[in-house]
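I have placed the structure first, in the form of structure tokens, so that the comments after it can refer back to it.
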Amino acid sequence: MKKILVTGALGQIGTELVMKLRDVYGDQNVVATDIRQVDNDVVNSGPFEVLDVTDADKMFEVAKKYEVDSIIHLAALLSATAEKNPLLAWNLNMGGLVNALEVARELKCQFFTPSSIGAFGPTTPKDNTPQDTIQRPTTMYGVNKVAGELLCDYYFYKFGVDTRGLRFPGLISYVAPPGGGTTDYAVEIYYKALQEGKYTSYIAKGTYMDMMYMPDALNAIIDLMEADASKLKHRNSFNVTAMSFDPEEIAAEIRKHIPSFELDYDVDPVRQSIAESWPNSIDATCAKEEWGFKAEYDLTKMTEDMLTKLREKLSV
Ligand code: VAH
């Protein structure tokens with residue numbers, strides 16, 4: 001990757017990924033785009049363009065203007081929002097993806113877009129979910145992710161586009177909040193623990209989901225994109241994970257730092273049903289074997305860092 005176009009650059013992943021990519025590849029070599037403009041480091045530390053990913057002509061124009069050789073396509077609606085607006089989600093998630101793939105094909109760009117554990121469904125083996133298995137998701141987000149994986153593989157086989165992807169678990173970060181996801185509780189709980197000493201979880205006790213700290217997710221994207229193509233048996237998309245926990249386990253870890261922290265429940269049936277359709281834990285062996293994936297943060301190490309960084313951010 002030398003000159004990179006990032007869509008959805010102001011989202012949870014994009015906000016940190018753009019800054020990391022600019023550290024690695026140079027500020028002027030990372031073109032950040034999003035449907036809106038704000039006054040922050042992403043916009044002010046390098047090239048920024050307002051881009052609606054459903055506008056194919058504009059996307060091509062921006063990619064051509066900066067002569068990009070890589071596209072990291074992040075713009076999408078997440079699972080809970082997609083379930084509230086399924087047709088909007090289809091149009092944005094699939095329309096935006098096709099536009100980005102077409103630009104990558106025409107300009108011969110390397111291509112990355114995230115998939116998700118949401119690409120699995122109720123009939124997928126739930127524990128230690130394999131890389132290659134049944135994928136019959138029951139959410140619009142999951143349908144988008146499976147279709148996206150298949151489309152990205154198609155562009156590789158049919159047109160030779162160097163497409164690569166990761167099935168991300170829930171991502172936890174202290175910089176930009178997630179928006180409209182099912183796993184967002186695992187971010188909110190840290191903020192509420194510091195601000196109020198308690199949290200009411202919309203996900204039920206005993207509901208296990210794979211999770212990953214954002215630094216590991218950013219490294220995984222760069223490591224995959226820099227991996228030797230001849231070593232890749234899979235492309236779209238690799239299972240990756242760092243940990244799996246339920247609300248009780250993350251609360252117990254927080255209590256090691258805030259002993260009085262209280263957790264209770266007010267389960268959201270929509271997000272609970274989405275969570276129950278996903279695996280309890282996935283197997284990341286292929287990512288480890290094919291391109292050396294390794295997560296540095298477990299629940300203990302992530303909790304220490306999240307609470308330390310949030311204390312500074314929230315001045316508490
Ligand atoms: C969501 N954070 O909750 C995203 C992610 C695995 C979860 O895809 O929709």
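Both ligands and their constituent atoms are indexed starting at 1 by order of listing. Scope of the values below: all heavy atoms of this structure, side chains included, with no hydrogens, waters or symmetry mates. These numbers come from a predicted model, not from an experiment.
Ring geometry for F238 versus H234: interplanar angle over 60°, hence perpendicular rather than tilted (30 to 60°).
Residues passing the side chain to side chain donor-acceptor pair (under 3.5 Å) test with E61, sequence neighbours excluded: none.
Here the heavy atom of the protein found nearest to atom 9 (O) of ligand 1 is S79 OG, 2.6 Å. Here the heavy atom of the protein found nearest to atom 3 (O) of ligand 1 is T182 N, 2.7 Å.
Heavy-atom neighbours of K108 NZ from other residues, nucleotides or ligands within 6.0 Å: at or below the threshold of 12.
Near F168, meaning under 4.0 Å from any of its heavy atoms, are these atoms of ligand 1: 6 (C). Remark: ligand 1 atoms within the under-4.0 Å shell around heavy atoms of G181 are 1 (C), 3 (O), 9 (O). Those atoms of ligand 1 with a heavy atom of P169 less than 4.0 angstrom away are 6 (C). Against a heavy-atom cut-off of under 4.0 Å, T183 is close to the following atoms of ligand 1: 2 (N), 3 (O), 7 (C). Annotation for ligand 1: atoms under 4.0 Å from non-hydrogen atoms of I117 are 6 (C). Near Y141, meaning under 4.0 Å from one of its heavy atoms, ligand 1 places the atoms 4 (C), 5 (C), 8 (O), 9 (O). Under a 4.0 Å criterion applied to the non-hydrogen atoms of L78, ligand 1 contributes the atoms 9 (O). Numbered from 1 in the order shown, with element, the atoms of ligand 1 that lie under 4.0 Å from a heavy atom of S116 read 5 (C), 6 (C), 8 (O).
K309 and Y190 share no side-chain donor-acceptor pair at under 3.5 Å. No side-chain N or O of N93 forms a donor-acceptor pair with one of K145 less than 3.5 Å apart.
Note: M211 CE to I250 CD1 = 7.0 Å, rounded to the nearest 0.5 Å.
Both tests pass for K301 against the ring of Y297: distance under 6.0 Å to the centre and angle within 45° of the axis.
Contact annotation for A80 and ligand 1: no heavy atom of the residue comes within less than 4.0 Å of the ligand.
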When you look at T183 and S79, which way does the side chain to side chain contact (heavy atoms under 4.5 Å, CB included) test go after all the steps? CA-CA 9 Å; T183 59; S79 57; over 6 Å; no
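At least one heavy atom of G170 sits closer than 4.0 Å to an atom of ligand 1.
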